[in-house]
Amino acid sequence: MKDWKTKGSYEGIFSYFGSIAVWLLFNPIVAIINLYEKGREITNREGVAFMSLFTKEELTRFKTYRSRGIEMRGIWHMPKALIPRFGFDGNRYDENTLKGIQAALDDVRGLGFNTILIETTVNAYTIYPSKVGTIHPDYKDHYYGPEYGNDYLKCFIGEAHKRGLDVHAWTTTMRAGSNYKSTVNESLPQAIKLEWLARGYHNEYGLSGKYGELMWLDPSNEEVVDYILRLYEELLNNYDFDGIELDAIRYPVSNIMSVSKVEDISDFGYTENALKGFKEQYQFDGDLKKEIIDNIDLKKKWISYRTELINQIVEKLYSLVRALKPNLPFSAAVFNNPESSITTVCQDWADWCQKEWFDFISPMAYSTDHSIVQKSYDVTETLVDGKAFNLQGLGSIIFSGTYETHFEQMELINNAGGLGSILFSTRQLLKDDKTMAMLEIIHQYDQAISPLKTKDEITEEVSNKIKNYAPKFALDSKLDVNISNLKQLRDTTFKNDKYIAQVIDALIKTLNIKDYRENLIKNKKEC
């Protein structure tokens with residue numbers, strides 16, 4: 001059976017169908033449906049027949065997805081978290097080998113993603129040789145060929161770039177590890193000291209969760225802050241990333257505002273250093289643990305104190321990134337409700353938006369409820385205020401959402417005027433046949449470029465999209481990026497073409513944000 005994409009997207013379709021009308025090149029879904037009606041099969045990259053996965057009605061539904069040409073198609077990747085699928089043996093995604101890394105990246109790129117965000121630590125151990133942190137034992141002794149030696153991260157970035165994928169560092173800033181072993185000390189990387197750990201209300205070290213008993217660093221400790229900054233400096237200087245993302249830039253989830261019984265309290269930060277700092281700042285002389293139980297005002301002050309500690313770390317990281325690599329996209333994955341994120345995890349990302357620290361924000365709108373995603377998008381859009389990109393994190397698949405749930409949420413963001421999203425994560429995606437096939441169909445059907453690419457690259461891509469979609473309209477080889485001229489083009493030449501008008505709107509929105517960010521960086525350099 002021929003593969004309709006053996007040579008890539010549209011070229012592969014042409015190779016398969018020969019002299020079929022040119023419009024088929026731009027709508028493979030129509031071609032698939034036509035073959036479906038004739039009882040013939042057409043397969044995806046892995047040899048799986050689309051007709052065995054979808055009904056004709058489901059395939060027809062995919063035709064409604066229209067990318068506006070500028071779209072972040074991102075995905076988070078946990079190293080070595082992939083599993084065999086479709087009958088492949090366990091070596092397919094063996095990321096201890098160059099071949100395994102290549103196979104994983106081939107699949108991610110083949111599904112139409114343009115950006116991958118790789119987690120740079122595993123349980124607070126680095127996945128790369130580090131002079132600051134402690135390398136995880138699983139990443140020490142493997143060889144990835146003469147180009148990369150034994151550096152897994154260097155290999156991953158290099159091979160991703162060869163496939164046209166942008167790579168962002170997904171960094172879990174405040175995580176200190178997982179207490180899987182018999183003692184806390186045995187669970188810590190050598191680079192992290194026991195006295196650096198945040199402590200719970202009941203003096204516990206870890207908070208039980210779906211990834212084990214997670215331990216967290218104490219933001220009030222100056223040695224901790226210094227360690228974090230040196231770790232990021234090392235990443236920035238040694239690796240060719242296309243972006244840096246902060247995640248877990250917060251405290252563990254707290255219920256301090258919602259419970260009144262001592263035994264029910266789950267709240268972190270009660271180290272000697274933090275308590276001392278709090279008492280000095282608020283001139284408090286009492287027993288915080290005792291008085292906080294029934295004192296709402298004291299609870300709010302305690303939350304405010306810790307929130308400011310996190311803010312200070314974010315600001316220092318922002319300054320570090322801008323000093324070392326001023327133009328590198330800087331972002332954060334955050335809790336999707338900016339108000340409750342303060343009371344539950346001391347994360348005031350609305351303030352971060354106001355201070356314009358990030359090039360894009362990714363609220364983790366992980367839900368099968370579309371209204372939650374819609375609200376998250378709308379709230380974020382208001383907060384970024386056209387000064388940063390709003391790229392929602394989608395994760396319905398981890399809550400038993402179907403391929404259709406993800407499809408509808410991507411479509412929701414597009415229809416709202418969004419510029420893409422980031423999927424959590426490869427671990428779930430690459431074992432879900434239908435989600436993979438759905439993404440492969442619509443991503444190849446509707447090509448898109450990341451809004452983080454250069455203005456020249458974006459303009460060229462949009463220009464080609466307009467030419468291909470509406471060849472009867474003569475355009476210069478490159479669109480005029482003057483905003484006034486773009487608006488005139490939209491309102492005159494394409495005034496009766498809703499789709500192309502939306503494409504131009506996406507370009508205008510992207511250019512406005514990029515211009516704002518560039519001027520922000522320029523002004524910072526001049527100060």
Side-chain angles (χ1 to χ4, degrees), residues 10 21-23 25-27 29-30 62-73 114 353 356 359-361 373-392 408-421 442-443 445-520 522:
Y10 304 132
V22 172
W23 60 269
L25 294 176
F26 300 98
N27 200 337
I29 301 175
V30 173
F62 295 152
K63 288 168 59 180
T64 65
Y65 187 86
R66 296 310 306 267
S67 172
R68 299 186 303 160
I70 305 171
E71 183 180 349
M72 165 67 83
R73 291 173 172 174
N114 53 38
C353 290
E356 302 174 347
D359 298 292
F360 70 89
I361 287 283
V373 176
Q374 181 71 64
K375 182 177 180 180
S376 180
Y377 174 84
D378 292 341
V379 168
T380 308
E381 196 72 357
T382 299
L383 289 174
V384 297
D385 192 27
K387 299 172 182 176
F389 291 104
N390 168 14
L391 304 174
Q392 296 288 304
E408 290 170 349
Q409 290 180 356
M410 291 170 59
E411 192 174 42
L412 178 155
I413 289 171
N414 266 354
N415 292 340
L419 296 169
S421 57
I442 65 171
H443 280 174
Y445 158 46
D446 237 348
Q447 298 288 297
I449 188 170
S450 165
L452 301 182
K453 288 295 190 182
T454 67
K455 287 189 287 188
D456 284 344
E457 289 172 314
I458 290 170
T459 304
E460 181 179 0
E461 183 73 20
V462 171
S463 179
N464 290 334
K465 193 172 189 71
I466 294 175
K467 289 178 184 178
N468 289 332
Y469 179 83
K472 67 179 180 178
F473 295 104
L475 289 173
D476 294 333
S477 58
K478 187 176 179 181
L479 280 172
D480 186 344
V481 296
N482 179 278
I483 300 299
S484 296
N485 292 341
L486 284 172
K487 289 179 178 178
Q488 184 178 11
L489 180 69
R490 177 196 63 195
D491 297 336
T492 55
T493 304
F494 294 108
K495 65 180 180 180
N496 296 319
D497 193 315
K498 182 179 178 182
Y499 173 63
I500 293 299
Q502 290 174 340
V503 171
I504 295 174
D505 279 339
L507 179 59
I508 291 171
K509 181 177 182 178
T510 302
L511 293 176
N512 277 331
I513 294 172
K514 294 183 81 68
D515 284 343
Y516 188 88
R517 301 304 303 180
E518 288 174 5
N519 287 331
L520 194 67
K522 180 182 177 182

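These numbers were taken from a predicted model, which means no experiment stands behind them. Residues take their numbers from the sequence shown, with the count starting at 1.
- With sequence neighbours excluded, no residue satisfies salt bridge (charged side-chain N to carboxylate O under 4.0 Å, His left out) with D491.
- Under the 3.5 Å distance criterion, the side-chain polar atoms of N114 are matched with a main-chain donor or acceptor of E71.
- The backbone N or O of K387 lies less than 3.5 Å from a partner atom in the side chain of R517, making a donor-acceptor pair.
- Atom CZ of R73 and atom CE of M410 lie 6.5 Å apart (nearest 0.5 Å).
- Between C353 and the options T382, V384, D385, a side chain to side chain contact (heavy atoms under 4.5 Å, CB included) holds for only V384.
- In this structure, K63 and R66 approach most closely via the heavy-atom pair O-CD, 4.1 Å.
- The neighbour count for K509 NZ, taken as heavy atoms of other residues, nucleotides or ligands under 6.0 Å away, is above 12.
- Between K522 and D515 there is no salt bridge, since none of the side-chain N atoms of the basic residue sits less than 4.0 Å from a carboxylate O of the acidic one.
- Put simply, CD on E381 and CD1 on I361 are 12.5 Å apart, with the number rounded to the nearest 0.5 Å.
- The minimum heavy-atom distance linking E457 with I449 is given by the pair O-CD1, 3.5 Å.
- Of the inter-residue distances, the one linking N512 atom CG with L507 atom CG reads 9.5 Å to the nearest 0.5 angstrom.
- The two residues S67 and I70 come nearest to each other via the heavy atoms OG-N, 4.5 Å.
- Side-chain atoms of E518 and K455, non-hydrogen and from C-beta on, do get closer than 4.5 Å to each other.
- The line from OH of Y65 to NE2 of H443 is 5.5 Å long, rounded to the nearest 0.5 Å.
- The pair D505-R68 fails the salt-bridge criterion, with no side-chain N (NZ, NE, NH1 or NH2) lying under 4.0 Å from an Asp/Glu carboxylate O.
- Looking at L511 and L486, their side chains come closer than 4.5 Å, going by heavy atoms from C-beta outward.
- Between I466 and V462, some side-chain heavy-atom pair lies under the 4.5 Å cut-off.
- Of the inter-residue distances, the one linking N390 atom CG with T380 atom OG1 reads 4.5 Å to the nearest 0.5 angstrom.
- Looking at every heavy atom in both residues, L419 comes nearest to L391 through O-CD2, 3.5 Å.
- Taking each heavy atom of G69 and E461 in turn, the nearest pair found is O-CG, 4.5 Å.
- Between the CZ atom of F62 and the CD1 atom of I442 there is a distance of 7.0 Å, given to the nearest 0.5 Å.
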For L452 and F389: C-alpha separation, side-chain torsions, deciding distance, then whether side-chain contact (heavy atoms from CB on, under 4.5 Å) applies. CA-CA 9 Å; L452 301 182; F389 291 104; 3.9 Å; yes
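- Under the salt bridge (charged side-chain N to carboxylate O under 4.0 Å, His left out) criterion, K514 pairs with no residue, sequence neighbours left out.
- In terms of heavy atoms, Q447 sits closest to K465 at O-NZ, 3.2 Å.
- At distances below 3.5 Å, not a single donor-acceptor pair connects side-chain atoms of S463 with backbone N or O atoms of T459.
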